[in-house]
S.K.: 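Here you go, one structure.
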2 protein chains.
Amino acid sequence: MSSITEVAKLAGVSIATASRVVSEADYPVSAPTRERVLEAARTLDYVPNALARGLQKSQVPVVGVIVHDITDPYFAEVVRGVEDAAATSGFLVITCSSERNPDREREYVRLLRSMRVAAVIFAGSGLDDPALNEELARHVDGMREFGAAVVHLSPHALGEPEVSVDNTGGIAAMVRALAGLGHRRIAFLAGPTSLYVARQRLEGYRLGLTDAGLEADERLVVHTPFDREGGAAGVDALRGSGVAFTAIACANDLLALGALARLAELGVRVPDDVSVAGFDDIAVAADTSPSLSTVRVPLRELGRHGFAQVEHLLAGRPLPGEVLPAEVVLRQSTAAPAALPAATRGTP
Amino acid sequence: MSSITEVAKLAGVSIATASRVVSEADYPVSAPTRERVLEAARTLDYVPNALARGLQKSQVPVVGVIVHDITDPYFAEVVRGVEDAAATSGFLVITCSSERNPDREREYVRLLRSMRVAAVIFAGSGLDDPALNEELARHVDGMREFGAAVVHLSPHALGEPEVSVDNTGGIAAMVRALAGLGHRRIAFLAGPTSLYVARQRLEGYRLGLTDAGLEADERLVVHTPFDREGGAAGVDALRGSGVAFTAIACANDLLALGALARLAELGVRVPDDVSVAGFDDIAVAADTSPSLSTVRVPLRELGRHGFAQVEHLLAGRPLPGEVLPAEVVLRQSTAAPAALPAATRGTP
DNA sequence: CTGAAAGCGCTTACAG
DNA sequence: CTGAAAGCGCTTACAG
């Protein structure tokens, strides 16, 4: 693997000049000299050493993305958005599936620091874990100190996210849509209590209820983990409690998928017996049967904007905070409640 | 951010000694000295600079994974396996969604080379593109030359994959299973012709047909891209051709998902009117309705074994090539063909 | 067991 | 416009 020294030698110039040419530095080099260096680099198949350059600059063109789990379609989509934007700028993307495990998260941040990555994007929501957050704050300060950009894509303990999605408004809109179909008893699979994003969505549920003039009933709110199993467990909890409901809004699509599967097992028809709605609009939401009504969140966009913010931060001109819109998408899993007299359907 | 120089100073030793302690070098250092260095590192919150170390060693503890698309559940699962194994060894994982685009793939490999990553794992299958493969071969040679490990997880132009999955055997087993249910006319959505992995699976289809004593009919084989849209298009092509079939085997789950969706739109009942089977067993396969019969491939395992191979390669002791088993999983999307007299059902 | 020194491959004031 | 030289933070023969 040839180094800049060899390129310089072949071109008959100093390594300083060679460096200026190949690194596209903003520094005058005569056209013929430049051409000779470029030619030498080409014939030697020169690939600059990013580590040497990074050591100099205390920074490599790499962005780390901390996600809950890359196999969760939500995060895969966000990471893809980051990747696409990053590729355009010659940045590489490191994915870190922390499983929301403080130890794993800690370890990943440590490794990213040791790599002197130019930026870290926290794609997952913050956990309400004071000890972890304190340590994270230390690391984040440490990273910013040496010039790294830190960007959050969802609510967390350390401040406002730089880019995020309208969680509260999105869920509220879905609840209003369900109310608009005639539902009065709308249950909510709220996800874990310890996650800030889940709290925002729960707030959205309450807001939607208020907007629709419906009364809140805490027995209709079930907390479970944010996955398929949680959705199934939520359905069981709801049915076990004996409380009446005609629709289930879910804080994310994975919960809705789990709920759909469990209801099918139980022989409960969707949407005939109960309506189900998700949140996120991951790719499979359109492929389930019945297809899932949900709230579309521009996830890839979220990743792209996250990286855009990184670039602005690195350039010293941070963009103002940004909240991406969420939009209700009604598919087959929601309908007017069966028990309702036809006349009242559709009037909220 | 403190450096080893400061640690050495605080501990009152040379940087050589400090280095030997913090890098856990295999070199004798007296216990009390060691303790003082460790103590100093702790109080200074010392995080070693991986770039400086990597510059020395011409290698950083990072593995790049080239995938088709991280939002494709197949690849997300493989990457997760790599990540889990890598984390155990203190390696970070860079994901590169190349979209099977030669230019993107080229550019990613170049960036990975410039980063001096310790290894590159090609998770996606090879493309039959001579120009690209020639260039890839050059890069791969270049990487191996400076000590990087290169591992392939599926068939490609440059040789046998180090770790892979029994594509041919898996599809053949599924075809035999369908024949076992009584199907005689089994169509095959084969994916793209230019992908080596698709060719292996097509071979598996033919093998399964032969095993079951069924005749091949080329009109039953449809080539489309490896995604949902391809599955829908495949169904249309099959129906448009007017050829008779009672089952559709698909070369991957995404095709099957697309087929399922299109059949539902068309009012064709699955499995009553036609059986559908996939390949890979991605997470959603169990959640569709009807749930998808498929071939389970240990994807996370594939990623884990891929990284294990990387470590062995880096240690200079490559593991022998390995083919992971694939296993038929029958769910709701397959059944005996309706037209068949009950007496003959189940006998192949 | 300990340390002084060279060197990994770049970038960038500084001098010309 | 060009180049000599210092330095980024480590590791590792080499000498003691």
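Computed from heavy atoms alone, side chains included, the values below leave out hydrogens, waters and symmetry copies. Naming: A, B, ... by sequence-line order, numbering from 1 per chain.
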S.K.: About how many Å separate NE2 of A/His68 and OH of A/Tyr74, when rounded to the nearest 0.5 Å?
M.R.: 12.0 Å
S.K.: Give the intermediate values and the outcome of side-chain contact (heavy atoms from CB on, under 4.5 Å) for residues A/Val13 and A/Thr33.
M.R.: CA-CA 8 Å; A/Val13 300; A/Thr33 306; 3.8 Å; yes
S.K.: Test of understanding: with ring-ring contact (aromatic ring centres under 6.0 Å, His included), list the residues that count as partners of B/Tyr46, not counting sequence neighbours.
M.R.: none
S.K.: Enter the distance from A/Leu153:CG to A/Leu299:CG here, rounded to the nearest 0.5 Å.
M.R.: 10.5 Å
S.K.: Please, which pairs that meet ring pair (Phe, Tyr, Trp, His ring centres under 6.0 Å) have at least one residue in residues 97-122 of chain A, sequence neighbours excluded?
M.R.: A/Phe122-A/His152
S.K.: Please state how far atom CZ in A/Arg113 lies from atom C1' in D/dG9, giving the value in whole angstrom units.
M.R.: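 Value for this atom pair: 15 Å.
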S.K.: Once you round it to whole Å, what is the distance between P of C/dC10 and CG of A/Leu51?
M.R.: 10 Å
S.K.: By salt bridge (charged side-chain N to carboxylate O under 4.0 Å, His left out), which residues pair with A/Glu134, not counting sequence neighbours?
M.R.: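 Here no residue qualifies.
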S.K.: Where along residues 25-38 of chain A does a heavy atom fall under 4.0 Å from DNA chain C?
M.R.: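 Contacting residues: A/Tyr27.
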S.K.: Which residues in residues 5-22 of chain B have at least one heavy atom lying under 4.0 Å from any atom of DNA chain C?
M.R.: B/Val13, B/Ser14, B/Ala16, B/Thr17, B/Arg20
S.K.: Under the salt bridge (Lys or Arg N to Asp or Glu O under 4.0 Å) rule, what pairs show up with a residue in residues 55-76 of chain B, not counting sequence neighbours?
M.R.: A/Arg80-B/Asp69
S.K.: Holding to ring-ring contact (aromatic ring centres under 6.0 Å, His included), I want the full list of residues that pass it with A/Phe307, two or more places apart in sequence or in another chain.
M.R.: A/Phe91
S.K.: What is the distance, rounded to the nearest whole Å, between atom CG of B/Asn49 and atom P of D/dC8?
M.R.: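 B/Asn49 atom CG is separated from D/dC8 atom P by 12 Å.
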S.K.: If you compare all heavy atoms of B/Thr71 against all heavy atoms of A/Ala76, which two are closest, and at what distance to 0.1 Å?
M.R.: CG2-O, 3.5 Å
S.K.: Is there any side chain to side chain donor-acceptor pair (under 3.5 Å) pair reaching into residues 13-22 of chain A, and which pairs are they, with sequence neighbours excluded?
M.R.: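 Matches after skipping sequence neighbours: A/Ser14-A/Thr17.
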S.K.: Using Watson-Crick and G-U wobble pairs whose two distances are both under 3.5 Å, how do you write the pairing of DNA chain D as dot-bracket, with | for links to another strand?
M.R.: |||.||||||||.|||
S.K.: Just jot down the salt bridge (charged side-chain N to carboxylate O under 4.0 Å, His left out) partners of B/Glu301, sequence neighbours excluded, or say none.
M.R.: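 With neighbours one apart ignored, the set is B/Arg304.
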S.K.: Using whole Å, what does the distance between atom P of nucleotide D/dC8 and atom CE of A/Met115 come to?
M.R.: 20 Å
S.K.: Only pairs at least two apart or in different chains count here, so list each salt bridge (Lys or Arg N to Asp or Glu O under 4.0 Å) that has a residue in residues 112-121 of chain B.
M.R.: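 As it turns out, the salt bridge (Lys or Arg N to Asp or Glu O under 4.0 Å) pairs with a partner in residues 112-121 of chain B, which skip direct neighbours, are A/Asp45-B/Arg113.
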S.K.: Tell me which residues in residues 52-63 of chain A lie within less than 4.0 Å of DNA chain D, going by non-hydrogen atoms.
M.R.: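 The stretch gives A/Leu55, A/Gln56 as the residues lying under 4.0 Å from the strand, ordered by number.
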S.K.: One thing to verify: whether A/Glu39 and A/Arg42 come together as a salt bridge, which I'm taking to mean a side-chain N less than 4.0 angstrom from a carboxylate O.
M.R.: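 Salt bridge: yes.
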S.K.: Work out how far the C1' atom of D/dT12 is from that of D/dG16, and round it to whole angstrom.
M.R.: 16 Å
